[in-house]
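For reference, the structure discussed in these notes is given below.
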Amino acid sequence: MLEMRLIREQPDLVRERLNTRDPGLGKQVDAILELDSIRRQLETQLQRIHAERNKLSKEIGQLRAKKETSIELETKVRELGDDLAVLNERVIAADEAQRSLMLSIPNLPHARAVKGSDASANPVIRVWGEKPEFDFTPRDHVSLGNELGLFDFERAAKISGSGFIAYTGMGARLQRGLIQFLLDLHTAEHGYFEISPPYLVRRYSMVGTGALPKFEQDAYGLDDGEAFLIPTAEVPLTNFHREEALSYRDLPKYYVAQTPCFRREAGSAGKETRGLIRVHQFDKVELVKITEPHQSYLELDKMTADAERVLQLLGLHYRVIELCTGDLGFSMAKTYDIEVWAPGQGSYLEVSSCSNAEDFQARRINLKFKDAEGKNRYPHTLNGSGTALPRLIVALLESGQQKDGSIKIPEPLQNYMKAAELRK
RNA sequence: GGUGAGGUGGCUGAGCGGUCGAAAGCGGCGCUUUGCUAAAGCGUUGUACCCCAAAAGGGUACCCAGGGUUCGAAUCCCUGCCUCACCGCCA
């Protein structure tokens, strides 16, 4: 949620920045200003009547204490009470109208974010390693994995429909080993605190991170929309301290969690849907930070580096791109995507997205911290994948493949896998 | 799922339907005393919103949440949520 005061005091700035996301979005500023002024007028009226009623009620109490009559006052107060009820409903309605519009307005892109309307404008920030060379035509993970018995798409589809995967045998062990490797790396070497959170969350937690209200069609809902399967561990982790006031001494917080993620992927049928690349349920190791505002961008760089480290240790070629204003997620002010090279696809796959939401989510979840002066302020929240499992597996299989269809396992994984390669 | 108890400010814990945003203690902050520490004394100490250009100041709301009774609710009634205890069921 944006700060109302900012919209009120610098509407042009807000309008302009929203327009960099999507020309036309800036119009929302005028709508919100209108609702805000209506709400405030009503609230002022309501409060005047309240003040009057409180005063008269107090007088009634005093009259009664002196055993004097107070009938006239009582009648008057009763009338005020009726006005109050009517006005109160209008205030509540105005408040809700404003709030719901506020919740549907995305975050402002960072002031220096690259401007652009879609992914084609995303600049490449850096590249690590090189595309591996093969003296044969590299195969894709589906054919490699099927041959090695690493997963079973047909049976998974039989159970749950298309878009679900069952890892089998060494494939299952590969995922488990990777999860272990990732959690060990981030906890032991990068300083994150491990949490195993609920996978089912309340609606307000989804609203809190910005997954709702806009993207309800992407989530799996239960109980008539009161609960949702998490689309990412960002939701439970970021909400972990909701409604709390932390101390600046507790910041920054570094959290890591491995969870499944559930996504309907509505509207993406047919698009990069082959194999493991886009599925309805996948595992992910997620990083979340809560920081003081002045260090959040430094922390974003560190978090991105932590995610990149995964690929470096596994020897996977990747590039980091910055999302332009038009491609930014709803809650985010700045995002770096890490894309790993998948030789069998002949393309880069997004395996991590590291973002700074600034105070946008903190406002929504009412998360504050007391600074050194004892003042309550909103911290910044960050999140990044570290990393998504299926696409990491795609890259590992396709990059590690050998002519005979076996797969070399990168050195750091070998202990977890109890094997140096995958073969029939 | 059943029964019982309970949810008050950073914490502990009072609170007769009217002057209670809420006693007291602890903690925090400030000042005084002090060679330093400790201790003591005094003062201060919630959040959100509204009015005001801003500051000063004023006002409204908030004692788990939502309804209700009443001229008036922390206080009475109902519902829900949560916590604790015991029972049942269950991985």
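Predicted model, so just to flag it, every value in this text is computed and none were measured. Just so it is clear: chains get the letters A, B, ... in the order the sequence lines come, proteins before strands, and each one is counted from 1.
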Task: Phosphate contact (B:G59 OP1 or OP2) by A:His50 side-chain N/O below 4.0 Å - done: no
Return the polar atom pairs (N/O with N/O) between nucleotides 70-73 of chain B and the protein under 3.5 Å, or none.
unit_1	atom_1	unit_2	atom_2	d
B:C71	OP1	A:Arg78	NH2	3.1
B:C71	N4	A:Arg64	NH1	2.8
B:C71	N4	A:Arg64	NH2	3.3
B:G72	O4'	A:Ser57	OG	3.4

TODO: Determine, using ring centers only, whether A:Phe360 and A:Phe330 are less than 6.0 Å apart.
DONE: yes
Open item on the list: Tell me whether the side-chain N/O atoms of A:Asn88 come closer than 4.0 Å to OP1 or OP2 in B:A61.
Closed with: no
Between protein and nucleotides 49-51 of chain B, what N or O pairs are separated by less than 3.5 Å?
unit_1	atom_1	unit_2	atom_2	d
B:C49	O3'	A:Arg39	NH2	3.1
B:C49	O2'	A:Glu43	OE2	2.2
B:C50	OP1	A:Arg8	NH2	3.4
B:C50	OP1	A:Arg39	NH2	2.8
B:C50	O3'	A:Thr44	OG1	3.4
B:C50	O2'	A:Thr44	OG1	2.6
B:C51	OP2	A:Arg40	NH1	3.2

Task: Residue list, salt bridge (Lys or Arg N to Asp or Glu O under 4.0 Å) with A:Asp140, at least two apart or on another chain - done: A:Arg274
TODO: Quickly work out the A:Ile92 CD1 to B:C62 P distance and round it to whole Å.
DONE: 12 Å
Task: Rounded P spacing from B:C82 to B:G18 in Å - done: 33 Å
Please output the side-chain donor-acceptor pairs of residues 238-246 of chain A that fall under 3.5 Å, not counting sequence neighbours, one pair per line with the distance.
unit_1	atom_1	unit_2	atom_2	d
A:Thr238	OG1	A:Glu234	O	2.7
A:Asn239	OD1	A:Arg242	NE	2.9
A:Asn239	OD1	A:Arg242	NH2	3.3
A:Asn239	ND2	A:Ser205	O	2.8
A:Asn239	ND2	A:Val235	O	2.8
A:His241	ND1	A:Glu244	OE1	3.0
A:His241	NE2	A:Tyr255	OH	2.5
A:Arg242	NH2	A:Tyr204	O	3.2

Got a list of side-chain donor-acceptor pairs under 3.5 Å for residues 173-184 of chain A, not counting sequence neighbours?
unit_1	atom_1	unit_2	atom_2	d
A:Arg173	NH1	A:Met417	O	2.6
A:Asp184	OD2	A:Tyr416	OH	2.6

Task: Any A:Lys368 side-chain nitrogen or oxygen under 4.0 Å from OP1 or OP2 of B:A48 - done: yes
Let me have the donor-acceptor pairs involving side chains of residues 88-102 of chain A, under 3.5 Å, with sequence neighbours excluded, atom names and distances please.
unit_1	atom_1	unit_2	atom_2	d
A:Gln98	OE1	A:Arg39	NH1	2.8
A:Gln98	NE2	A:Asp36	OD1	3.0

Open item on the list: Among residues at least two apart in sequence or on other chains, which ones pass ring-ring contact (aromatic ring centres under 6.0 Å, His included) with A:Phe164?
Closed with: A:His280
Task: A:Arg263 side chain vs A:Asp218 backbone, donor-acceptor pair below 3.5 Å - done: no
Open item on the list: When the C1' atoms of B:G2 and B:G28 are compared, how many Å lie between them, rounded to an integer?
Closed with: 45 Å
Give the table of side-chain donor-acceptor pairs shorter than 3.5 Å for residues 76-84 of chain A, with sequence neighbours excluded, one pair per line with atom names and distance.
none

Open item on the list: What's the gap between B:G13 and B:G6 when it is taken at their P atoms, as a whole Å value?
Closed with: 14 Å
TODO: Applying salt bridge (Lys or Arg N to Asp or Glu O under 4.0 Å), name anything that partners A:Asp22, two or more places apart in sequence or on another chain.
DONE: none
Task: Distance between P atoms of B:A85 and B:G30 (Å, rounded) - done: 41 Å
